[in-house]
Amino acid sequence: SVPLSQHVGAAARAVVKVGDHVLRGQVVAEAVGNISAPVHAPTSGLVVEIGEAVMPHPSGLADLAVYIRPDGLDQWVPLHPELYPINLASDELARRVAAAGVVGLGGATFPSAVKLALGSRSKVDTLILNGSECEPYLSCDDRLMREHALEIIEGARLILKATGAVRPLVGIEDNKPEAISAMKVAAHPFPEVSVVKVPSRYPMGADRQLIQTLTGIEAPADGRAADVGIVVHNVGTAYAVYRALRYGEPLTERVVTVAGGAVKSPRNLRVRIGTPLSWLFER
């Protein structure tokens, strides 16, 4: 089941009907209003129901979802790669990220394209990439930085182009030495990118704490980071932005940490959106 409300703002509106055959990456629900994001099929298959599903939320309440029965082929819609996305205009970068359904993957799930367009309204000069896990046990960002550092840095450069920021900082907690090393190697050809080691102190993953640690600037309690010229994106978001702009891939998967005292073999899994959490725990 693919929830239609998996982002901050208005829930997406279903554009498919029961009986439709969909391909991976096909839009199954469109964005509604300024703060919203489209939802894409995580695999190819048959739409068998559009109805309520229990959401992964402490309330246990149900919300609208599209149920897809996979056909086992995992066939993509035709994608439109862009060999040099850095040459695109800033508003076109934001438009394509919006169409790909990319939202904040650090947990806030704010539609990323809205933050990419901030540069046209506020004077943004600093981009902070958040490589600090926001909760104990989490290590999905750590693994992503170790294995996909170059793509994350390329994503950061595309976010810079979209926002008009000129100073990119990557904040990574000091308990992730392998990730720090990988990111420094990937950033080496781009001297403007600073990879900064920050203390492993809760809640360093929160954007306001990270902003203050990296820049000494305190974002206003009643405002946004952009009010002081700063925009913050998670490293997973930067990776998704890169995949969307370079390969034309909409957001259909993410890395998830499955860990804690109740888990027999804790690990990070690359998981399609819509996968039942019970299935992850079994593995």
When you measure from the side chain of [X] to the backbone N and O of [Y], does any donor-acceptor pair fall under 3.5 Å?
| X | Y | value |
| --- | --- | --- |
| Q6 | P3 | yes |
| T257 | C140 | yes |
| S181 | P177 | no |
| E92 | A89 | no |
| K161 | L88 | yes |
| T237 | L105 | yes |
| R208 | P220 | yes |
| D20 | L46 | no |
| T275 | V271 | no |
| S36 | A10 | yes |

Atom pair [atom1] ([X]) and [atom2] ([Y]), whose distance is rounded to the nearest 0.5 Å:
| X | Y | atom1 | atom2 | value |
| --- | --- | --- | --- | --- |
| H7 | F110 | NE2 | CZ | 11.0 Å |
| L138 | S132 | CG | OG | 11.5 Å |
| E133 | N175 | CD | CG | 8.5 Å |
| L214 | S194 | CG | OG | 9.5 Å |
| K176 | K197 | NZ | NZ | 12.5 Å |
| L129 | M183 | CG | CE | 6.0 Å |

In the structure I gave you, are the side-chain heavy atoms of [X] and [Y] within less than 4.5 Å of one another anywhere?
| X | Y | value |
| --- | --- | --- |
| V256 | N268 | no |
| V103 | V8 | no |
| V28 | H40 | no |
| V39 | V27 | no |
| Q212 | I217 | no |
| E154 | F190 | yes |
| T163 | L118 | no |
| V114 | I35 | yes |

| message | In terms of relative ring orientation, are Y247 and Y242 parallel, tilted or perpendicular, with 30° and 60° separating the classes? | response | perpendicular
Could you state whether [X] and [Y] fall into the same hydrophobic cluster, counting links through intermediate Ile, Leu, Val, Met, Phe, Trp or Tyr residues with side-chain heavy atoms under 4.5 angstrom apart?
| X | Y | result |
| --- | --- | --- |
| V198 | I128 | yes |
| V170 | Y239 | yes |
| L277 | L269 | yes |
| I86 | L245 | yes |
| L160 | V232 | no |

Walk me through whether V48 and I68 qualify under side chain to side chain contact (heavy atoms under 4.5 Å, CB included). CA-CA 6 Å; V48 292; I68 298 169; over 6 Å; no
Original post:
In terms of side-chain heavy atoms, does N130 have a donor or acceptor partner in D207 at a distance below 3.5 Å?
Top reply: no
**Message:** Looking at E253 and R24, is there a salt bridge between them, counting it only when a charged N and a carboxylate O are closer than 4.0 Å?
**Reply:** yes
Next item on the list: Look at D142 together with R146 and state whether they make a salt bridge at an N to O cut-off of under 4.0 Å.
Entry: yes
List the steps, then state whether side chain to side chain contact (heavy atoms under 4.5 Å, CB included) holds for L4 with D63. CA-CA 8 Å; L4 301 188; D63 210 342; over 6 Å; no
Result for side-chain hydrogen bond (donor to acceptor under 3.5 Å, both in side chains) between R243 and one of H148, E151, E249 points to E249
Please say which of L116, V97, L93 ends up in a side-chain contact (heavy atoms from CB on, under 4.5 Å) with I159.
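Result: among L116, V97, L93, L116 is the only option passing the side-chain contact (heavy atoms from CB on, under 4.5 Å) with I159.
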Checklist line | F281, CZ atom: more than 12 neighbouring heavy atoms under 6.0 Å | finding: no
Checklist line | Heavy-atom neighbours of E218 CD exceed 12 at 6.0 Å | finding: no
Of all heavy-atom pairs between [X] and [Y], which one has the smallest distance, and what is that distance?
| X | Y | answer |
| --- | --- | --- |
| A219 | V228 | CA-CG2, 4.3 Å |
| V2 | P42 | CG2-CD, 3.6 Å |
| I153 | A187 | CD1-CB, 4.0 Å |
| G60 | V54 | O-CG1, 3.8 Å |
| L127 | A165 | N-CB, 4.0 Å |
| K115 | V231 | CE-CG2, 4.0 Å |

Query raised in the report: Step by step, would you call E173 with R201 a salt bridge (charged side-chain N to carboxylate O under 4.0 Å, His left out)?
Result: CA-CA 8 Å; E173 288 170 314; R201 247 198 338 261; over 6 Å; no
If you apply the rule side chain to side chain contact (heavy atoms under 4.5 Å, CB included), what do you find for R167 with T215, and how did you get there? CA-CA 11 Å; R167 181 169 71 137; T215 67; 3.8 Å; yes
inquiry  = Tell me which pairs pass side chain to side chain donor-acceptor pair (under 3.5 Å) where either residue lies in residues 65-77, with sequence neighbours left out.
reply    =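 Sorted pair list: H21-D71, T43-D74, S44-D71, D74-R272.
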query: T126 and L169: side chain to side chain contact (heavy atoms under 4.5 Å, CB included), yes or no, with the steps?
result: CA-CA 7 Å; T126 303; L169 303 170; 4.0 Å; yes
